[in-house]
Structures are given as structure tokens and as C-alpha cells.
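Below is one structure, written out as C-alpha cells; comments come after it.
Letters go in sequence order (proteins before strands), and every chain restarts at 1.
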Amino acid sequence: MTDNSAPIGEVDPELADVERPTNEQDDCFARFVNVQKSYDGVELVVKAFNLDINKGEFITLLGPSGSGKTTCLMMMAGFETPTHGKILLKGQPINDLPPHKRGIGMVFQNYALFPHMTVAENLAFPLEVRHFTKEQIKDNVERALSMVRLEDFGDRRPAQLSGGQQQRVALARALVFEPELVLMDEPLGALDKNLREEMQYEIKRIHASLGVTMIYVTHDQSEALTMSDRIAVFNDGVVQQLADPQTLYESPANAFVAYFIGENNRLVGDVIERLGEQCKVRLDGGDTVLAKPVAVGGIGSRTTLSLRPERVTVLHGASDPRGDALDNRFSAKVQEVIYLGDHLRTRIAVCGNEEFIIKTPNAEGHYALRPGQEIEVGWASGDCHALDA
Amino acid sequence: MSESTSSGVLTTADGVPLKVSLRRAVRRSRFKALLLVAPLLLFLGIAFVMPIFDMLSRSVANPEVPTHLSRTVAALEDWDSQSGELPDESTYAALATDLAEGHENRAIGRLSSRLNYEQSGMRSAIMRSGMASRTMEPPYKEGLLEAHEAWGQLETWRLIKRESSPYTMSYYLAAVDMKLSPEGAIVDVADNQKIYQALFWRTFWMSGVITLLTLVLGFPIAYLLANLPLRKSNLLMILVLLPFWTSLLVRTTTWIAILQSQGVLNDMMVALGVIADDARWQMIHNKLGTIIAMTHILLPFMILPLYSVMKTIPSSYMHAARSLGGKPFLSFRRVYFPLTIPGIAAGGILVFILSIGYYITPALVGGQSGRFITNYIAYHMQTSLNWGLAAAIASILLFVVIIFYLVFNRLIGVDKVKLG
């Protein structure tokens with residue numbers, strides 16, 4: 001990250017100590033205020049984390065491993081102490097509150113079901129420590145089991161369940177004592193692809209029906225896009241962008257977000273002209289591209305252009321009428337075609353980039369491309385975001 | 001194995017039954033595996049299995065009377081030990097011949113020792129009569145009675161008749177402070193001669209205390225080992241294993257230096273004014289000394305199995321328990337502790353079994369009151385040369401260990417035992 005980019009969440013170290021007014025946003029359900037975390041006193045794992053979470057929201061902390069997202073979750077749960085900053089829950093600071101007094105449900109990466117207890121005993125544990133009566137425990141456990149559709153599994157041990165069933169039990173256990181906030185630490189990481197997608201919808205359904213607030217940690221961007229109301233993209237201890245899935249995908253704030261969310265072609269060059277809503281960029285290969293300036297400096301600054309593969313159109317020769325709307329047009333050469341069923345993924349060489357990917361739907365009216373073929377491609381300058389280098 | 005397929009036997013493509021074919025296929029690799037372990041098997045057979053069976057058989061073997069008094073035993077066959085009458089002249093003649101022969105080939109010493117275990121005074125009776133029998137003339141009854149009055153007592157003859165079998169249970173009875181009365185009933189020995197029952201009991205309860213102490217001391221260490229960052233836990237592991245690199249003898253005698261009345265600890269306490277110079281603590285050459293030294297020496301055997309089990313308990317279990325609302329101690333008691341039970345049982349059984357068989361430490365620091373049953377096994381092996389009794393005591397210990405092992409295997413499963 002260079003200085004001219006200003007990702008959300010990056011706070012000047014001198015400003016980090018300035019308390020933001022908290023009283024006017026007390027309606028926020030949970031808040032991280034200038035939270036910093038260091039394990040060794042040398043390096044900050046979380047540099048300056050600010051996040052306001054509304055009641056009933058599904059927030060995802062997304063980022064590569066080591067980006068600080070799990071640390072933030074553990075600080076909310078109470079297993080890690082912030083080195084600096086405040087964590088508020090319903091307006092109350094909870095920095096010094098031990099985990100068992102926070103009343104936050106949590107689903108762990110490997111479920112952490114107690115192996116020496118049956119499923120029902122696992123679910124009863126949080127109720128027993130809260131001194132519920134026997135009947136209440138029985139009712140609540142049954143209700144929680146039916147919520148995750150495991151009514152008949154109460155007497156089994158966790159080891160006798162499949163991965164997906166264990167996942168459901170872990171979810172039920174985190175919800176059975178009716179917490180207002182549930183944290184999930186990569187809960188679907190251990191499941192295979194089909195099961196993972198099924199569970200995504202299951203969690204979404206439960207979230208919608210209970211109205212509980214959820215903070216979800218994952219490194220899987222498609223999972224984040226599927227489930228979240230808002231996503232905080234982490235990298236290097238800093239939130240790069242906090243936005244809803246569509247904004248994140250359509251208008252990434254910087255090169256990291258563009259690279260991390262979805263697939264993306266990168267073209268590198270210098271800004272040579274700024275024209276209001278557009279800027280002209282000369283690529284290192286010599287071609288000139290019109291782009292939408294998002295996070296670039298003035299004339300002469302380096303930039304990375306980000307372009308989604310599905311926004312590139314293959315033109316039927318120079319006279320193709322679809323080309324009229326596209327203000328960037330280049331000739332290209334097909335390098336490789338990969339058949340993926342519903343679409344074709346084609347690698348082409350364009351503007352000096354041999355790793356340029358385009359996606360074409362496997363439908364009528366689209367040409368079958370062959371390796372070595374000379375073609376013409378085009379894209380709108382609005383789809384081509386000029387980001388930080 | 002017939003080749004008919006109608007009986008439902010699965011066959012390979014060329015008609016050989018599948019099981020036969022499979023056996024052929026693995027025979028070669030099985031043979032190779034057997035060859036690899038053959039040296040170890042041989043070694044175990046010679047150095048382990050055979051000595052144990054030899055020892056076990058010694059605890060019931062009774063060759064002395066049937067071998068060295070063979071004629072007497074044959075002559076006594078017709079004698080009714082309940083008749084109240086002494087055997088006839090022919091029996092005395094057989095005895096005189098046996099004793100003379102025994103004296104000749106020097107077997108009489110073993111015979112006299114054996115009979116002396118059962119009844120004191122028999123040694124001198126046999127030895128003196130043996131000497132006399134060389135020149136003895138008929139009637140032998142008078143001659144033998146003259147040599148020793150024991151030959152005029154019914155108990156002596158009953159004893160010989162009783163011990164004429166090649167097997168005896170008298171060693172086992174002696175090992176639990178019992179004996180056969182002259183009438184053949186099993187009775188307790190006189191109270192002032194009882195030692196082994198108390199010794200067994202002491203060995204077991206002190207081993208129990210030692211096991212408990214190693215658990216109390218070892219549990220936190222094992223927890224640290226399993227949960228500290230790698231660098232620190234490696235250092236701690238070296239400290240735990242350090243005793244294994246030091247001689248057992250050194251470790252034990254170090255405790256003597258520390259605990260004796262003029263030792264480090266007492267001197268320090270006197271210097272600090274905690275105790276008076278004439279009231280130094282007696283911490284060695286008694287039960288306390290044995291317990292302290294053995295707890296120290298056996299501690300690693302508790303820590304390692306505990307550690308290996310704790311290592312498999314992810315920290316997320318405790319996190320989960322805490323996040324679900326469990327207070328720290330309750331979470332530990334309900335979640336963490338139950339998961340460590342296989343480790344506790346494995347460490348406990350290991351320390352207990354090692355402890356009841358421990359010899360050198362109680363011998364050095366136990367004094368008179370802190371000795372274990374093993375020290376008496378050694379005594380009978382080395383000093384009194386009553387190998388039969390030593391074998392009987394050792395066999396009882398072995399059976400106790402086997403029973404503990406079976407109970408453990410039933411409750412926990414021996415496959416749970418891992419040492420790191």
C-alpha cells in the first residue's frame with residue numbers, strides 16, 4: 001500500500017489515540033473503537049480497527065490468513081485482550097469482562113464439541129451453567145435441535161456424527177442460550193464444497209429467522225459474498241474496505257480488494273491525463289487505456305487497472321455494433337481455452353499482458369475461440385478501475 | 001477348501017479359493033516380517049519368558065523331600081499319619097539309608113534347610129542324624145532316636161509325609177504369613193512372626209500415596225508442557241526428562257544428602273531458626289523418605305502419559321466452555337478434566353506398578369520402616385537363599401500387577417497409553 005491510497009480503517013498513528021465520540025452512536029449494537037493488538041510488543045497484528053455493528057446484522061471479516069481477522073474475533077469473544085482501544089457491547093466497554101460473562105455465542109473452526117458428552121449434553125451445558133431448570137433445559141435443547149434438523153441425534157456422541165452434522169450441533173450449541181451476538185470462526189472450513197454451500201444457506205436462514213447479530217470470519221470470498229450484509233476486507237492488520245458485497249465487487253477501493261474479491265485482470269501503467277470522470281493511462285507495454293479513477297494520484301503517478309473478466313466483450317470484427325459503446329478496443333491473440341461447462345475461460349494476450357483472462361458464456365451467439373486465433377476485444381472505461389499501484 | 005463354486009466359496013479367476021490365494025500372497029511378506037523380529041523374540045524368550053516361568057515354578061517346586069528321601073517317602077506311603085503311631089522299623093531303615101546317601105553326596109544341607117522352613121529344629125535333626133547314619137547298625141529306630149529325639153515325634157513324620165509331593169503351597173502360605181499346621185490345616189503364624197502381610201499392605205498403600213502425589217505434582221506440569229509455546233515447552237520437556245539422564249543411584253543418594261538429620265534441609269531450618277538444633281526433622285530412613293524420593297523418581301512416568309493425552313485436547317474446548325458461560329473452574333471440571341482421565345489412568349497405573357516393584361530406592365532411603373516387599377524378595381534371594389519364598393512373593397506381586405492391568409484395560413483401554 002502506498003501513501004496516496006487511503007483505505008478505510010487506516011488511521012494516522014497520531015490520530016489513533018484521539019477518542020471518537022461514543023455517545024452519539026450508542027444505538028450501535030457492538031463497536032470496535034481504535035482497537036490495536038500486538039503479541040510481541042514489536043509488531044501490530046491489528047493496526048487500528050474501527051467497526052460499528054448494527055443489531056441483527058451479518059458482518060463478515062474477510063482476509064488472507066495472518067491478516068488479523070481472527071484476532072479481532074477473539075478479542076470480541078474475550079480470549080485476547082486488546083493492546084489498545086475499546087470494545088463496546090450495547091454501549092458498555094467489555095475489555096475487562098471475562099469470556100463467560102459476555103454472553104456471546106461462538107462457533108469454532110473445528111466445532112469444539114465436547115467429545116465426552118452426547119449432543120444433548122453439549123447443548124445443555126450452557127443452560128446448566130446458567131442454572132436453568134431441568135424442564136427448561138429439555139425444552140430448549142429440543143427446540144435448538146429441531147432448528148438445525150437433528151431432532152433424533154440427541155443421544156449420539158459428536159464422533160458418531162458426520163462433519164456437517166457436527167457443524168449443525170456446534171451452531172445449535174452457540175444459539176441455544178439465546179445470545180444476542182454470535183461469533184463464527186471459519187466454521188465451514190473443514191467441510192467439502194457441496195456441504196459448505198448447503199450450510200451457508202442454513203446459517204443464513206437461521207440468521208434471518210432469529211434476528212441475531214453475527215460476526216463471521218472467513219478467508220473464502222465467495223462465502224463472504226453469499227452470506228454477508230457487510231464485509232470488512234482485512235489485510236496486514238488493516239481494514240482495506242468495509243462495504244456490502246455488491247459495492248465490494250463492483251467498486252473495489254484499492255488494488256488489494258480488487259485482487260482478493262473475485263477474479264480480476266491487472267494492467268499496470270502511468271496516468272497521463274485526467275478528464276473528470278475518466279483518466280487516460282499509458283500502460284508499460286505502450287498502449288493507452290481509458291479508465292475510471294478510483295484511487296489514483298495526479299498525472300504521472302503509477303496505477304494498477306482492474307478489470308473483471310466478465311466485463312470484457314469479444315467483438316465480431318471491427319464492424320461489430322456492440323463495439324460502439326466500448327471506449328477501449330484492442331486486438332488480442334487467444335492463448336488457451338478452458339471449458340468449464342456453463343462458461344468458457346479464455347486466456348488471451350492483450351496490451352502486453354499474456355495472463356489476461358476473459359469469460360464468455362457457453363450460449364448461442366458466442367464464438368467458439370481457438371488457441372492462436374486473432375480476435376478483437378473491448379471494454380467500457382467505467383468497468384476499468386484505476387487503483388493504487 | 002473345495003474348488004466347487006456352488007458352495008458359495010469365492011474364487012479367483014483361475015478357480016483358487018480367494019482365501020487361499022490371499023494367504024499365499026501375504027505369506028512371503030509375513031515370513032520376512034517374522035525374520036526381522038526373530039532376534040528380539042529369541043532374546044525375549046531367553047531373557048524374559050524363561051526366567052519368569054522358572055521363577056514361577058520355583059514358588060511351588062518341592063524337590064528336596066521326594067528326591068533326597070525317596071526311600072523314606074516310599075516306605076511312608078502305607079503309614080497312616082492319623083493313626084497316632086510312629087512308622088515301623090522298615091521306614092526308619094529307609095530313612096537311615098537316605099540320610100547316609102545324602103550325607104555322602106552332600107545333598108543333606110538342602111534337605112535340612114527345606115524342612116527347617118517348615119519346622120525349626122529340623123536342620124539339626126537332619127544334620128546330626130546324617131552324620132550318625134553312616135555307621136548305624138539295625139535296629140535303626142533306636143539308632144535314629146538316639147541321634148535326635150525328633151524322630152520320636154509324630155509331627156516330624158507327618159511333615160515328611162506332607163512334603164513328599166513334588167509340589168507345595170507352603171511358600172505361598174509363608175508369603176502371606178500362614179502355614180500348614182501339623183494336622184494339615186491352614187493357620188496363621190504366630191503374631192510375632194507375621195511380617196509379609198504388613199509389608200504387602202505397606203507396599204500397596206505407600207505406592208498409592210506416591211501415585212497420588214505424582215498426579216498432584218505432575219498434572220500442572222503436564223498441562224504447561226502441552227500448552228506453552230513450543231520453545232518454552234521444549235525446555236520444560238528437557239527438564240522433565242533430565243532425571244532419566246542421571247543415575248538412579250545418584251538421584252536417590254542426593255535425597256539422603258538433602259533430607260538426613262545433618263543434611264541440607266535440616267541445617268537450613270536450624271540456621272533460619274525454624275527448628276531447634278536438638279529437634280531436627282527425621283525425613284529419611286523412614287516412610288517419609290521413601291515417599292519423597294520415589295515421588296521424585298517416578299514423576300516423569302506420570303507426566304509423560306498425561307502430557308500425551310493433554311496434547312490432543314485442543315484449547316478450543318476450554319474456549320468453547322468459557323464462551324458458553326462456564327466459569328473457569330467449572331469449565332475445567334466439566335470439560336478439560338474428564339478428557340484427561342485416560343492420561344490420569346495411564347500414568348496412575350504406570351507409576352503404581354513401577355512403585356510396588358521398586359527396590360533400590362526403598363532399600364537406600366527407607367530404613368526399617370520404609371521398606372517395601374521387594375526388599376524382602378532381595379533378602380530371600382541373596383541372604384537367606386530361600387528362593388522358593390522369594391519366588392512366591394514375587395509371583396503374588398506379579399498377579400496383583402496383572403489384575404491391575406486387566407482392570408485398567410477393561411475400564412480405559414491400554415491402547416490409550418502413550419509416552420509423549
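- The number of heavy atoms from other shown groups lying within 6.0 Å of CD (A:Glu151) is above 12.
- Residue-environment remark: CG (A:Asp155) stays at or below the threshold of 12 foreign heavy atoms within 6.0 Å.
- In the displayed structure, A:Phe79 atom CZ is contacted under 6.0 Å by more than 12 heavy atoms of other residues, nucleotides or ligands.
- Closest of all the heavy-atom pairs between B:Leu324 and A:Val129 is O-CG2, 3.8 Å.
- Residue B:Phe31 places its CZ atom among 12 or fewer non-hydrogen atoms of other residues, nucleotides or ligands, all under 6.0 Å distant.
- Between A:Pro115 and B:Leu339, the closest heavy-atom pair is CG-CD2, 3.5 Å.
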Every donor-acceptor pair from chain A to chain B under 3.5 Å, please, each on its own line.
{"from": "A:His100", "atom 1": "ND1", "to": "B:Arg322", "atom 2": "NH2", "distance (Å)": "3.2"}
{"from": "A:His116", "atom 1": "NE2", "to": "B:Arg334", "atom 2": "O", "distance (Å)": "2.9"}
{"from": "A:Glu128", "atom 1": "OE1", "to": "B:Arg334", "atom 2": "NH1", "distance (Å)": "2.9"}
{"from": "A:Glu128", "atom 1": "OE1", "to": "B:Arg334", "atom 2": "NH2", "distance (Å)": "3.1"}
{"from": "A:Arg130", "atom 1": "NH1", "to": "B:Leu324", "atom 2": "O", "distance (Å)": "2.6"}

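- Counted within 6.0 Å of NZ on A:Lys138, heavy atoms from surrounding residues, nucleotides or ligands total 12 or fewer; the atom is thus considered open.
- Residues passing the side-chain contact (heavy atoms from CB on, under 4.5 Å) test with A:Ala224 are A:Thr60, A:Leu62, A:Thr218, A:Ser228, A:Ile231, sequence neighbours excluded.
- Heavy atoms closer than 4.5 Å to chain B are found nowhere in A:Leu127, neither backbone nor side chain.
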